[in-house]
Amino acid sequence: QVQLVESGGGSVQAGGSLRLSCAASGYTASRFYNCMGWFRQAPGKGRERVASISTGSGSTGYAESVKGRFTISRDNAENTLYLQMDSLKPEDTAMYYCAANWVSFDYACHVRTDFGYWGQGTQVTVSS
């Protein structure tokens, strides 16, 4: 199994920054997952893909709502995923989840939402 543990959430004022981390443990070999992503879900809303990264090629994908403000990255040696969030807005308030998946093609990493492994989530609250 793959275990994912998020950290770094908190409360911040609009315009501020936060950096989320996701530590992966357990089965971390590429045959178990080669794609990682961040999703979020606000109260009363559906889950939204935020950003994704291929652990092999390093290609990334972002939701239009966060492009230019959020940056996804990964430290392969430490099996840790990051999400740098700058210029935060109140509408970014949500529970943020880290997820991992195995995909056959690189582009699938940035379009699929049916990830196989999920963390417990970390809350991000942005006040105006």
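Just so we're clear, the structure is a prediction, and the values are computed from it rather than from any experiment. FYI, the numbering just counts along the sequence from 1.
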Asks: Indicate yes or no for a side-chain donor-acceptor contact from Y62 to the backbone of I72 under 3.5 Å, with no hydrogens or angles considered.
Replies: yes

Asks: Return a table of donor-acceptor pairs under 3.5 angstrom between the side chains of residues 17-24 and protein atoms on other chains or two or more places apart.
Replies:
residue: S17; atom: OG; partner: D86; partner atom: OD1; Å: 2.7

Asks: Treating Ile, Leu, Val, Met, Phe, Trp and Tyr as nodes and any side-chain heavy-atom pair under 4.5 angstrom as an edge, say whether F105 and W102 lie in one connected cluster.
Replies: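 No; W102 is not reachable from F105 via cluster members.
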
Asks: I need the full list of salt bridge (Lys or Arg N to Asp or Glu O under 4.0 Å) pairs touching residues 74-84, with sequence neighbours left out, sorted by first then second residue.
Replies: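 Non-adjacent pairs meeting salt bridge (Lys or Arg N to Asp or Glu O under 4.0 Å): zero.
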
Asks: Testing the basics here: between G58 and I53, what is the closest heavy-atom pair and its distance to 0.1 Å?
Replies: O-CG1, 4.0 Å

Asks: Give the minimum heavy-atom separation between P90 and S127, together with the two atoms involved.
Replies: CG-C, 4.5 Å

Asks: List the residues meeting side-chain hydrogen bond (donor to acceptor under 3.5 Å, both in side chains) with S87, not counting sequence neighbours, and say none if there are none.
Replies: none

Asks: Would a single hydrophobic cluster contain both V50 and V126, if residues Ile, Leu, Val, Met, Phe, Trp and Tyr are joined by side-chain heavy-atom contacts under 4.5 Å?
Replies: yes

Asks: CD of E6 to CD of Q123: how many Å apart, nearest 0.5 Å?
Replies: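 Separation between the atoms: 12.0 Å.
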
Asks: Tell me the closest heavy-atom pair linking A94 and A42, and the distance in Å.
Replies: CB-N, 3.8 Å

Asks: Which heavy-atom pair separates F115 from A99 by the least distance, and what is that distance?
Replies: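 That would be CD2-CB, 3.4 Å.
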
Asks: Do L81 and Y27 share a hydrophobic cluster (ILVMFWY, side-chain heavy atoms under 4.5 Å, transitive)?
Replies: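 Yes; Y27 is reachable from L81 via cluster members.
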
Asks: Hey, could you give me the OG/CD distance between S128 and Q13, rounded to the nearest 0.5 Å?
Replies: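 Rounded to the nearest 0.5 Å, the OG-CD separation comes to 9.0 Å.
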
Asks: Could you give all pairs that pass the salt bridge (Lys or Arg N to Asp or Glu O under 4.0 Å) test and reach residues 113-128, with sequence neighbours left out?
Replies: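 Only R112-D114 qualify under salt bridge (Lys or Arg N to Asp or Glu O under 4.0 Å).
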
Asks: Please tell me whether L4 and W118 are part of a single hydrophobic cluster in this structure, the criterion being side-chain heavy atoms less than 4.5 Å apart.
Replies: no

Asks: Once side-chain hydrogen bond (donor to acceptor under 3.5 Å, both in side chains) is applied, do any residues pair with T93, and if so which ones, sequence neighbours excluded?
Replies: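 T93: no side-chain hydrogen bond (donor to acceptor under 3.5 Å, both in side chains) contacts found.
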
Asks: Looking at every non-hydrogen atom in both residues, tell me the closest pair between S59 and D106 and how far apart they are.
Replies: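 Looking at all heavy atoms of both residues, the shortest contact is OG-OD2, 2.7 Å.
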
Asks: For residues 32-41, which side-chain donor-acceptor pairs fall under 3.5 Å, sequence neighbours excluded?
Replies:
residue: N34; atom: OD1; partner: V103; partner atom: N; Å: 2.9
residue: N34; atom: ND2; partner: V103; partner atom: O; Å: 3.0
residue: W38; atom: NE1; partner: Y82; partner atom: O; Å: 3.2
residue: R40; atom: NE; partner: E48; partner atom: OE1; Å: 2.8
residue: R40; atom: NH1; partner: D92; partner atom: OD1; Å: 2.9
residue: R40; atom: NH1; partner: Y96; partner atom: OH; Å: 2.9
residue: R40; atom: NH2; partner: E48; partner atom: OE1; Å: 3.3
residue: R40; atom: NH2; partner: S65; partner atom: OG; Å: 3.4
residue: Q41; atom: NE2; partner: K45; partner atom: O; Å: 2.9

Asks: State, with a plain yes or no, whether a side-chain heavy atom of F70 is found less than 4.5 Å away from one of L88.
Replies: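 Contact flag for F70/L88 side chains = yes.
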
Asks: Please confirm whether the backbone N or O of T71 pairs with a side-chain atom of Q84, one donor and one acceptor, at under 3.5 Å?
Replies: no

